[in-house]
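For reference, the structure discussed in these notes is given below.
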Amino acid sequence: MSKTFYITTPIYYPSGNPHIGHCYTTVACDSIARYKRMQGYDVMFLTGTDEHGQKIEEKAKEKGVTPKEYVDEIVATFKKLWSYMNISYDRYIRTTDDYHVESVQKIFKDLYDRGYIYKGKYTGKYCTPCESFWTESQLDENGCCPECHRPVIEASEEAYFFKMSPFADRIEKLLLETDYLRPKYRAQELVNNFIKPGLEDLCVSRTSFTWGVPVSFDEKHVVYVWIDALSNYITALGYDNSAYSDYGKYWPADVHMVAKDIMRFHAIIWPAMLMALEQPLPKHLAVHGWITFLNKQGEAQKMSKSLGNVVDPFMLGERYGVDTIRYHILREMALGADSAFSNEIMINRINSDLANGFGNLVSRTVAMADKYFGGTLPADREEGEIDKSLIDVVLAAREKVDLCIDETRLKNALEEIFVVVDRANKYIDETEPWKLGKNEADKPRLAAVLYNLLEAIRVISTLLSPFMPATMPKVWEQIGASEADVTYEAAGKFGVLPKDVTVHKGAILFPRIDIDKEIEELNAIIEKNMADAKSHLSDSEKGEEFAPAELAAEIGIEGFAKADLRVALVKECEKVKKSKKLLCLQLDDGFGGRQVVSGIAEWYKPEDLIGRKIIIVANLKPAKLCGVESQGMILAADTPDGGAAVVFPDQSLPCGSKIR
Ligand code: MSP
């Protein structure tokens, strides 16, 4: 019986078109699934959509369609994207599938019968017009409903709760003492934030909307979306339903992969549910960061529809090829950390690794085999001393990549493969085959050099094929490799290609991109998207999509006290010549005056500021911006559309007033 491997992505909310951020987890899981299949595992790769909940219900209503009609359309877009991105999922679950609904009802009832779910009262802030409960922290700045901004009342409603405290110790051990959570450094923060203060019971039913799985024994309640959604990982295998019968075979999952914003649900609630159901726990939870968007100010923003900074994978795929995009997103993101997307970073990466690195290696090698031997290498070969150093690097690669895959470190896996690419390119410089080609007597040596290069390419391309599945067959065609030459087993060997291998010159694999031209075009697309986003979003969507920048690391009061913030009056203000972004302000700071340069010219005209009081960081070391001295900086807030809004204090404050 072959070994099994079960890997899952989160199931996505069908609440808008998928973007490059959604692609990350799915492409990562796809690459691992393909690698494991190549290793001979019987793989189950699951993805799907999370289709219930109040938001979906509301959006469908806004559009005048049923929730099911609404989600059907978006699910079709997701499926189209996955097929475009070459995602080889084995099963696609929709939480609206009948079998899943049936299982969720049984799971809920089972938890109830076991005494872990009980009926109680949910107390919170209630907005009567919106029929919604809010927690204290969700309320707007005036303590009102974040949706309609009307006052809320203290209210309570009947609800079911999931008792999680019995599992607190086991979950703490799972996080701190096992390698369930990757990267491990996130475990302590979870324990400190959620377990140490006492694991609170979770409200797991709602009565304020109906688009969900009804509680089978109390139909006015629908099951909380996260209980519904998390269950997908087992219902899709046939747990508590008869649609499938793979639970015994594939559970527990080998890897659940998610992004950091949903780590808590998978690190705490999901294990607690499985513990309560007395089911085995998944082996690993791999948590990655977000693909953020690097804006013109060089700041990383979360991708969101309201900012118009969502990068469209179809557009990128059309321009650069799907495999190139797959490579780029996987190569940039280290497990656990965010990775900033910018057109510059992407194009430089494509040019350096794919066009100059791997693509050039293949085209040079094949072109030389063609030029000097008419495409077929002679069997007569002369090995050289330097060959061993190349062969050693090639032979070491597979094991290193295996380890990275097993630890869900895909960026490192690609780096390991590119160690071989770099070594092979260096081997070309060292052996100078173009010189050997000039001399008939050197032909046996040249044959050995080219054969070694073809072997290196064979191993590299085999190991790369799970990441770039559409391109590698083209490489195999060019280097004359048969199917048997590019198996996992063959990737652990050297000398597999026939001695008299015949190469076939083909098209350039990764054309070099003209960076300036491309960036100009891409920037124009993004700017248009941003403008469109502003004009198309409803107010509720703007609020919903706004994601504040991440909080900086904690500091002590002494850290804050180092910044000297003061009130200052703008006496004069003008644009800095030769700069589109900078304004130069003359200020009365209460200490004789100073000049500050600020990058806000895109959002403020000098007359918007003259005569108004602002706040400055008064003890910042002077710096020159565009050659103009700036003695401090003025405070401004990020706006949801990527701009800046100057902070204006109470205008009656005297200049020089200290802010603490
Ligand atoms: N439906 C829940 C998941 C339930 S799993 C039982 C959900 N859906 S989601 O569509 O909002 O997000 C799905 C995944 O995509 C999450 O892991 C989310 O963090 C991830 N991403 C969304 N935007 C992303 C980026 N910009 N970058 C990387 N991942 C991002 O949460």
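Each ligand, and each atom within it, is numbered from 1 in the order the structure gives.
Of the protein's non-hydrogen atoms, H19 CE1, 3.5 Å is the one closest to atom 23 (N) of ligand 1. Protein heavy atom at the shortest distance from atom 13 (C) of ligand 1 is Y12 CD2, 3.4 Å. Taking atom 21 (N) of ligand 1 as the reference point, the nearest protein heavy-atom neighbour is G21 O, 4.2 Å. In terms of protein heavy-atom proximity, atom 7 (C) of ligand 1 is nearest to Y13 CE1, 3.4 Å. Protein heavy atom nearest atom 26 (N) of ligand 1, with residue, atom name and distance: I291 O, 2.9 Å. Among all non-hydrogen protein atoms, the one lying nearest atom 2 (C) of ligand 1 is I11 O, 3.5 Å. The protein non-hydrogen atom at the shortest distance from atom 20 (C) of ligand 1 is A259 CB, 4.0 Å. Of the protein's non-hydrogen atoms, the one nearest atom 19 (O) of ligand 1 is D261 OD1, 2.4 Å.
No part of K260 comes within 4.0 Å of ligand 1, judged by heavy-atom distances. Only the side chain of Y233 comes within 4.0 Å of ligand 1, judged by heavy-atom distances.
Contact check on E51 versus K68 returns no salt bridge, with no Lys/Arg side-chain nitrogen under 4.0 Å from an Asp/Glu carboxylate oxygen. Note on K36 versus D254: no salt bridge recorded, every NZ/NE/NH1/NH2 to OD/OE distance being 4.0 Å or above. Residues R37 and D90 are paired through a salt bridge, judged by an N-O separation under 4.0 Å between the basic side chain and the carboxylate. With salt bridges taken as basic N to acidic carboxylate O contacts below 4.0 Å, one links E102 and K106.
Near D50, with a cut-off below 4.0 Å to any heavy atom, the atoms of ligand 1 are 1 (N), 2 (C), 4 (C). Listed by number with element, the atoms of ligand 1 under 4.0 angstrom from any heavy atom of G289 are 28 (C). Atoms of ligand 1 found under 4.0 Å from any heavy atom of H266 (numbered from 1 in listed order, with element): 5 (S), 6 (C).
Summarising the local packing, CD of Q279 is surrounded by more than 12 heavy atoms from other residues, nucleotides or ligands at distances under 6.0 Å. No more than 12 heavy-atom neighbours from other residues, nucleotides or ligands sit within 6.0 angstrom of NZ on K63. E520 CD: 12 or fewer foreign heavy atoms inside a 6.0 Å radius.
Taking A272 as the reference, F162, M164, F167, I171 meet the side chain to side chain contact (heavy atoms under 4.5 Å, CB included) condition, with sequence neighbours excluded.
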